Every structure is written in structure tokens, then in C-alpha cells.
There are 2 protein chains.
Amino acid sequence: MPKLPAKKTPKPRPDKTRLALGLTLIDVAKVAGVSPITVSRALSRPELVSEQTLEKVRRAVADVGYTPNMLAGGLASKQSKLVAVFVPTIAHSIFSDMVQTLMDQLGNAGYQSIIGVTGYSVEKEESLLGAILGRRPDAIVLTGTEHSALTRQRLVASGIPVVEAWDLCEDPIDILVGFSHSAVGKAVARHLLGRGYRRFAVVSVSDARAVKRSVGLVDELSVQGVTDVRQVIYPAPATLKEGRDGLSQLLREGTLPEVVVCSSDTVAQGVLAEAASRGLRVPEDVAVMGFGDLSSAAQLYPALSSVRLDGARIGSLIASTLLERLQKQRDGQAPVRIDTGFDVINRVST
Amino acid sequence: MPKLPAKKTPKPRPDKTRLALGLTLIDVAKVAGVSPITVSRALSRPELVSEQTLEKVRRAVADVGYTPNMLAGGLASKQSKLVAVFVPTIAHSIFSDMVQTLMDQLGNAGYQSIIGVTGYSVEKEESLLGAILGRRPDAIVLTGTEHSALTRQRLVASGIPVVEAWDLCEDPIDILVGFSHSAVGKAVARHLLGRGYRRFAVVSVSDARAVKRSVGLVDELSVQGVTDVRQVIYPAPATLKEGRDGLSQLLREGTLPEVVVCSSDTVAQGVLAEAASRGLRVPEDVAVMGFGDLSSAAQLYPALSSVRLDGARIGSLIASTLLERLQKQRDGQAPVRIDTGFDVINRVST
DNA sequence: CTGTTAGCGCATTCAG
DNA sequence: CTGAATGCGCTAACAG
């Protein structure tokens with residue numbers, strides 16, 4: 001007789017006011033007059049249950065106010081229905097748009113999202129990943145393709161579907177949904193050269209993707225015979241201050257360029273503000289080029305041109321790509337690589 | 001002999017490449033040469049374990065690359081270490097600032113946050129709550145004090161600590177961290193009256209808190225003898241368009257007011273844009289009053305005045321209040337009500 | 001300070 | 001279509 005005299009305290013459950021969240025499948029099952037597993041099925045796979053028992057269960061669930069415990073469900077099924085989304089910040093519309101759209105569409109498919117704000121730091125990304133992996137997310141969405149060695153390693157070892165967004169690269173971890181920042185830089189160069197500009201300057205922050213754009217720009221300009229491009233670089237994140245300081249710096253160190261290419265709309269707005277306070281006309285005295293989603297305030301400024309992105313569209317693309325991957329849960333390593341593209345547009349005054 | 005012949009399939013675990021996330025406490029315990037519970041303690045309550053066994057465990061954890069499964073941990077301990085945060089949107093700096101600060105500080109205390117974007121809709125809030133309650137969050141932060149009846153009911157029944165932020169009210173669900181929007185409206189009225197304005201107009205969206213501010217403004221103006229305040233109201237959310245349309249509407253329906261009070265900086269910027277495109281000078285021809293955090297683009301505009309809030313500070317206040325509450329896990333119903341206050345400031349041009 | 005025993009609430013096999 | 005048994009991985013109690 002192995003062990004039996006255990007039933008001393010039958011059930012010391014805190015059965016006081018019977019909080020709604022303390023209810024279990026068993027409670028619902030009793031009320032519905034079925035077995036617990038039937039309740040489980042009725043809730044998660046209704047197609048396996050007859051219409052009438054379904055009805056009984058639904059009624060019971062509503063009556064007692066039952067809310068399934070996803071911690072238990074996740075543990076048993078090994079599916080957390082959670083997606084981790086890492087972004088540098090949610091304070092820029094380009095990212096908040098993406099995040100909102102992504103969360104929304106994943107939500108419609110039954111997935112909740114947990115956001116990690118990395119602040120443009122791979123170290124922060126790494127530590128956040130460590131914390132979030134404990135929740136066993138069903139998928140992870142990252143911004144950019146630069147990660148710490150440990151981050152990459154843990155990601156591939158985890159076997160979790162990973163999306164790297166906002167950039168392209170040769171050796172993605174898994175899925176890639178982005179565009180070439182180098183191509184953006186080159187396109188901007190050609191666009192501005194085509195409009196007759198020859199004296200360029202750059203005001204940029206030093207995040208990985210912004211740097212790629214600057215390099216693309218300078219390379220293309222160089223190919224076309226424009227070689228001395230002054231650059232002012234600040235650490236991320238970008239605020240208006242970087243733009244104002246950037247233009248000031250350029251003026252201090254030399255003559256006014258014909259056009260200032262900025263790493264983002266935020267920086268561009270700073271440049272415009274500084275220009276305005278110095279009585280410089282845009283684009284007559286100095287043209288300004290931005291990069292962003294042309295949303296909210298940015299569209300009010302008379303920046304000459306801009307690279308336009310659609311954060312919501314990118315979020316949508318990520319969602320659909322990911323959901324498809326999550327459907328066929330096989331590790332069918334169909335390498336996915338989506339180029340979202342971008343637009344170079346003119347916007348002259350309001 | 002109850003049942004014994006069960007040990008048929010000893011362990012059909014998918015022990016293939018042994019994904020790092022497939023490891024358990026038991027694996028670590030074996031390597032460290034201790035019992036599983038000791039590993040558990042070493043990880044979550046190190047003060048209960050001797051320094052040397054701690055070291056052994058740490059080494060083992062690092063060696064095998066173990067990541068604790070919080071689903072299992074949460075199920076067993078009834079602590080998810082999750083905080084749900086509901087905001088109308090993350091596309092406004094005032095909320096994104098708050099969210100980032102809140103997430104950050106909660107993160108430092110070992111809590112992760114899951115964001116719900118309600119889009120100013122109590123229905124959306126209700127459905128999101130239903131989904132998120134399944135994760136058994138340790139706390140819930142809501143924006144505003146208006147919720148559906150069901151939302152309130154589930155919240156109180158859940159027994160989970162709840163923070164209602166950004167507003168004050170008489171019957172909070174639990175904890176309250178906000179300020180009086182009515183008082184904001186009144187303060188704005190007095191401020192502008194004090195500067196000599198008499199002909200007012202309002203351009204606002206119809207979210208609950210904005211409405212309270214408008215009402216406060218109109219009430220106070222009325223008390224001071226200013227009675228005919230024209231109001232243009234749009235559905236939330238606010239974009240620049242609401243501001244532009246609002247001013248157009250005002251001009252179409254009557255003469256130019258001396259000052260336009262806007263429900264947010266976003267609306268104010270729209271008004272300013274429309275004014276600019278009509279050649280109106282601000283504040284000479286028409287003054288504009290905003291409401292927001294004076295961050296980013298908003299600070300560039302020559303709005304006459306503004307009500308200033310600090311999203312980060314509010315996030316910080318929420319975090320500390322909540323963490324204190326989470327510490328003493330008693331349901332020591334010390335009713336907490338924090339008035340964060342606000343500032344009415346002038347900003348004449350840049 | 002460390003180990004043992006017993007679930008947490010659910011979903012996955014299988015039977016019926 | 002429904003039910004029974006079993007364990008997901010961890011931690012709360014107790015023992016020692």
C-alpha cells in the first residue's frame with residue numbers, strides 16, 4: 001500500500017466569495033452537467049461538440065462567469081497564444097502605427113502581444129528577450145537585423161518563429177519583412193540630384209538603419225560625382241534637438257548646403273525649426289529631406305521631399321506573414337523574405 | 001492495488017535536439033546535483049539558499065541554457081508577474097510616454113506589461129479585458145474612469161488590483177491616479193480671461209475626459225459672464241484634420257473668435273495649420289490653446305498657451321503606487337487617490 | 001538550509 | 001461525439 005492517508009485537508013481552497021477567476025473547468029462542468037473535458041472542447045474546439053451540449057456549456061460559462069486560465073492552458077498545450085514584439089520605441093508614429101496594426105490583427109487571430117521597448121540598444125533587446133522567453137511566446141517580432149550574438153543564438157535555439165522587420169539582410173534568423181535602407185539612400189540621392197541639388201549635408205542619428213541610409217546616399221552621390229557631403233551624427237534616439245543642433249553645427253562649420261538630408265522626420269522638423277528661427281526659407285534657402293510616415297505634424301512642414309513609409313501596412317504584412325507561418329505549425333522552413341518597398345515623394349509646402 | 005501498470009511509455013519527450021526551451025528544473029537539478037526545488041529557490045528566492053549551492057545552480061543554469069517557464073510558475077504560484085495596461089492609443093506622446101515609463105519601472109520590479117489599445121471605446125476595453133483576464137494579470141491599469149458595467153463588475157469580482165489613471169472620480173474601482181479635467185477647464189478659462197480674451201471657441205473631440213474639460217471651461221466662463229462659446233465637436237480620435245476642419249467650421253458659421261481652445265495639442269496643431277494657410281497670425285489674429293505634453297512637434301508652434309502634462313511622470317506615479325500595493329499583497333483596502341495635478345503655461349512663439 | 005509530497009487548471013492521448 | 005486517465009513545469013507547504 002503505497003500511500004493513502006493523504007486526504008486530510010480535502011480542499012483548503014479559498015472558497016470564500018468565490019472570485020470569478022477562481023473558477024475552473026470543473027465548476028463549469030458541474031453546472032453544465034458534463035465532464036470537464038467537454039467544457040474544454042466546447043470552448044476551444046466547438047466543432048467537436050454537439051450543438052446542444054455546446055449550448056449547455058455556454059450557458060453554464062455565462063452563469064458562473066468563468067474565464068479560462070491561459071497559464072494552465074498554455075502549459076498543457078504548449079501554446080501561449082502570445083507574440084512578443086520588440087521595437088526601439090513607441091514614441092514615433094512609424095512604430096506606434098506598426099505596433100497598433102500588428103497587435104490588432106494578431107488579436108483578431110487569437111494572439112495577444114507583449115511589447116518590448118529596446119531603445120535602439122541590442123543589450124536592452126537581449127535582456128528583454130531573456131525575460132520574455134519565459135512566457136514561451138509563440139512568435140517573436142524584432143525590429144532590424146542587428147542583434148547580439150547571444151540574442152541570435154537563443155532565438156535560433158528556441159525554435160520559435162521569428163520575424164525581423166524594417167530591414168533586409170543576407171542571413172535572416174527566420175522570416176524577413178522589410179526594405180533596403182541602402183536602396184533608400186541611393187533613391188534619395190538620385191531624386192535630389194535629379195532636382196538639381198549638388199551641395200548636400202546629412203543630419204542623422206547613429207542607429208543601424210539610419211547609418212545604412214546615409215551610406216547608401218553618400219555612395220550614390222559619390223558615383224554621380226558629388227563627393228564632399230558633410231555629415232552630423234548624433235546618438236539615437238532622435239528628437240527635435242538633434243535637428244536644431246544639426247543645422248546649427250552645419251552652419252557653424254561651413255556654408256549653408258543646398259539640401260539637408262535627415263535620418264527621420266523628427267530630425268527634419270528640428271532642422272526646419274532651426275531654419276525658421278534663423279529666417280531661412282525652405283526650400284528656397286535650404287531644402288530639407290525627411291524620412292517617416294508623413295503622419296501628424298510632419299505633413300504640415302514645407303519639407304521639400306520625403307521618404308514615405310506606411311507603418312500600418314508593414315504591421316499588416318508582418319501579421320499576415322506570421323499568421324500563415326503559425327498556421328502550418330510545421331517547421332517547414334520555407335524561407336520568407338518580403339520587401340515592403342518605400343516611396344520617395346515630393347511635398348512642397350502645405 | 002489501485003493502478004500501477006501505467007509506466008508503458010516512460011518518457012516520450014521530444015528529446016531531439018533538446019531545444020533550450022524544452023529544459024526543465026529537473027534537468028538543471030541533475031546537472032547541479034541538487035533537488036529541483038532547490039533550483040527553483042535559487043532562482044526565485046536566492047536568500048533561502050546557501051551561497052555555494054547557489055553557485056552550483058547558477059553554473060548549471062548557464063551551462064544548459066535554462067529559461068524558467070513562467071506559465072508553469074505562474075500556474076503554481078498564482079502570480080503571473082504580468083500587468084495589463086489599457087490606453088486609448090499609443091499614437092499620442094502623452095500616452096506613449098506614460099506607457100514606456102510604466103513598462104520600464106514595472107519591468108525593473110520583475111513585472112512585464114501587456115498593452116491593450118482601446119481606441120477610446122468602452123466596448124473595445126471590455127472585450128480586451130475578457131481576453132486579458134485569461135492571463136491572470138497581477139494588476140490592471142486603465143485609462144479613465146468610464147467603463148462598461150460588465151467591465152466594472154468583472155474587475156471588482158476579480159479581486160485584482162486596479163488603477164484608473166488620467167482622471168479622478170467619486171467611486172473608483174480601486175486605486176486612482178489622475179487629475180480633475182473639470183479643474184483643467186476652469187483653470188484655462190481663468191487663465192485666458194486674465195489675459196483679456198472674451199470671445200471663445202472650442203474645438204474638441206468627444207472623448208469623456210475632453211468633454212469634462214470643455215464643460216469645466218464653459219461653466220467657469222459662464223460664471224465670469226462669458227456665455228456664448230461656440231463649440232465644434234468631433235468623434236475621437238483626434239488628428240490634425242479635426243483641427244483644420246474645426247477652424248474652418250468656426251469661420252464658416254461666424255466670425256473669428258479671439259481664442260480657440262482645443263482638446264489636445266494634435267487638434268491645436270490642426271487649427272494652427274489651418275490658420276497659417278488662411279494667412280491668420282497666431283496669436284494676434286487668433287490665439288490657440290492646446291493640451292498635451294509639449295513634447296516633440298507641439299513645442300514648435302506659436303500657440304499662445306497650453307495645459308501641460310507629463311506622461312512620464314504619471315507613468316512613474318502609477319508604477320510606484322501599484323508596486324507598493326503589490327508588495328503588501330493583503331487586500332488592505334487602503335483607498336488610494338492621487339491627484340497628479342497639471343500646469344497651465346504660456347508659450348509665446350518658439 | 002534542503003528535500004518530499006501534492007497539486008495549480010488545463011489539454012492531450014486514448015477508450016468508449 | 002464524449003469521458004478517463006495522465007502530466008505539462010513549477011512552487012507551496014510541510015518535513016527533516
Side-chain angles (χ1 to χ4, degrees), chain A residues 2-14 20-30 32-54 56-57 66-81 133-136, chain B residues 2-14 19 21-30 32-57 66-81 133-136 329:
Chain A
K3 52 250 175 175
L4 279 179
K7 280 282 181 181
K8 291 199 66 172
T9 16
K11 268 196 177 183
R13 246 196 273 175
L21 295 184
L23 295 171
T24 77
L25 274 185
I26 299 178
D27 300 296
V28 179
K30 278 182 197 148
V34 297
S35 81
I37 184 59
T38 299
V39 177
S40 171
R41 288 201 186 101
L43 260 26
S44 49
R45 313 184 56 185
E47 70 275 12
L48 297 183
V49 176
S50 75
E51 193 51 53
Q52 56 176 9
T53 61
L54 210 54
K56 288 195 297 187
V57 172
Y66 169 71
T67 303
N69 185 329
M70 298 180 79
L71 297 176
L75 179 59
S77 69
K78 298 183 177 308
Q79 282 206 94
S80 61
K81 288 292 180 184
L133 243 21
R135 307 249 175 223
R136 299 297 187 268
Chain B
K3 53 248 177 176
L4 279 180
K7 279 283 180 177
K8 291 198 66 174
T9 16
K11 268 195 175 180
R13 245 196 272 173
L19 304 178
L21 295 184
L23 293 172
T24 78
L25 273 186
I26 300 179
D27 299 297
V28 179
K30 278 182 198 152
V34 297
S35 81
I37 185 64
T38 299
V39 177
S40 171
R41 288 200 187 101
L43 261 25
S44 49
R45 312 183 58 186
E47 69 277 13
L48 297 183
V49 176
S50 77
E51 191 53 52
Q52 56 177 11
T53 61
L54 209 54
E55 194 45 46
K56 287 195 297 186
V57 172
Y66 168 71
T67 304
N69 184 329
M70 299 180 79
L71 297 175
L75 178 61
S77 69
K78 299 182 176 310
Q79 282 207 98
S80 62
K81 289 295 182 180
L133 243 21
R135 307 247 174 225
R136 299 297 187 269
Q329 59 217 37

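So that the names make sense, note that chain A is the first sequence line, chain B the second, and so on, each numbered from 1. Since the model is a prediction, treat every value here as computed from it, not as a measurement.
Remark: P of dC10(D) and NZ of Lys81(B) are 17 Å apart, rounded to the nearest angstrom. One interatomic measurement links the two molecules: CZ of Arg136(A) to P of dC8(D), which rounds to 14 Å at whole-angstrom precision. Computed from coordinates, the Ile26(B) CD1 to dG3(C) P distance equals 14 Å when rounded to whole Å. Between Asp27(B) atom CG and dC8(D) atom P there is a gap of 11 Å when expressed in whole angstrom units. What separates CG of Asn69(A) from P of dA11(C) is a distance of 10 Å, to the nearest Å. Summarising the geometry, the separation between OH on Tyr66(A) and P on dG9(C) is reported as 10 Å, rounded to the nearest angstrom. Rounding to whole angstrom units, CZ of residue Arg45(A) and P of dC10(C) are separated by 17 Å. If you take CG of Leu75(A) and C1' of dG9(D), they are 5 Å apart, rounded to a whole angstrom.
Between Lys78(B) and dG9(C), a side-chain N or O to OP1/OP2 separation shorter than 4.0 Å is present. At the phosphate of dC1(D), neither OP1 nor OP2 sits under 4.0 Å from any side-chain N or O atom of Thr53(A).
Interatomic distance, Lys56(A) NZ to Ser50(A) OG, rounded to the nearest 0.5 Å: 7.5 Å. Atom OH in Tyr66(A) sits 3.5 Å away from atom CG in Leu25(A) (nearest 0.5 Å). With values rounded to the nearest 0.5 angstrom, Arg41(B) atom CZ is found 7.0 Å from Ser35(B) atom OG. In this structure, CG on Leu75(A) lies 6.0 Å from CG on Asn69(B), to the nearest 0.5 angstrom.
Looking only at side-chain heavy atoms (C-beta outward), Thr67(A) and Leu21(A) come within less than 4.5 Å of each other. In this structure, the side chains of Val57(A) and Val34(A) come closer than 4.5 Å at one or more pairs of heavy atoms. For the pair Lys81(B)/Arg135(A), a side-chain contact is recorded, criterion being any heavy-atom separation below 4.5 Å from C-beta on.
Side chain of Arg45(A) to main chain of Ala42(A): no donor-acceptor pair is present (N/O by atom type, distance under 3.5 Å, no hydrogens or angles). Checking side-chain atoms of Ser80(A) against main-chain N and O of Arg136(A) turns up a donor-acceptor pair under 3.5 Å.
For Val34(B), counting side-chain heavy atoms from C-beta on, the closest listed nucleotide (dC10(D), dC1(C), dG3(C)) is dG3(C).
The stretch residues 35-44 of chain B touches DNA chain C through Ser35(B), Ile37(B), Thr38(B), Arg41(B), each having a heavy atom under 4.0 angstrom from the strand.
The residue Leu25(A) sits close only to the backbone: its heavy atoms come under 4.0 Å of sugar-phosphate atoms, none of a base. Base engagement by Leu48(B) is indicated by at least one non-hydrogen atom pair under 4.0 Å involving a base atom.
Mapping Glu51(B) and Ser77(B) onto DNA chain C by nearest heavy atom places Glu51(B) closer to the 5' end of the strand.
Overall, the helix from dC1(C)-dG16(D) to dG16(C)-dC1(D) carries an axis bend of 20° between its ends, with five pairs at each end and the value rounded to 10°.
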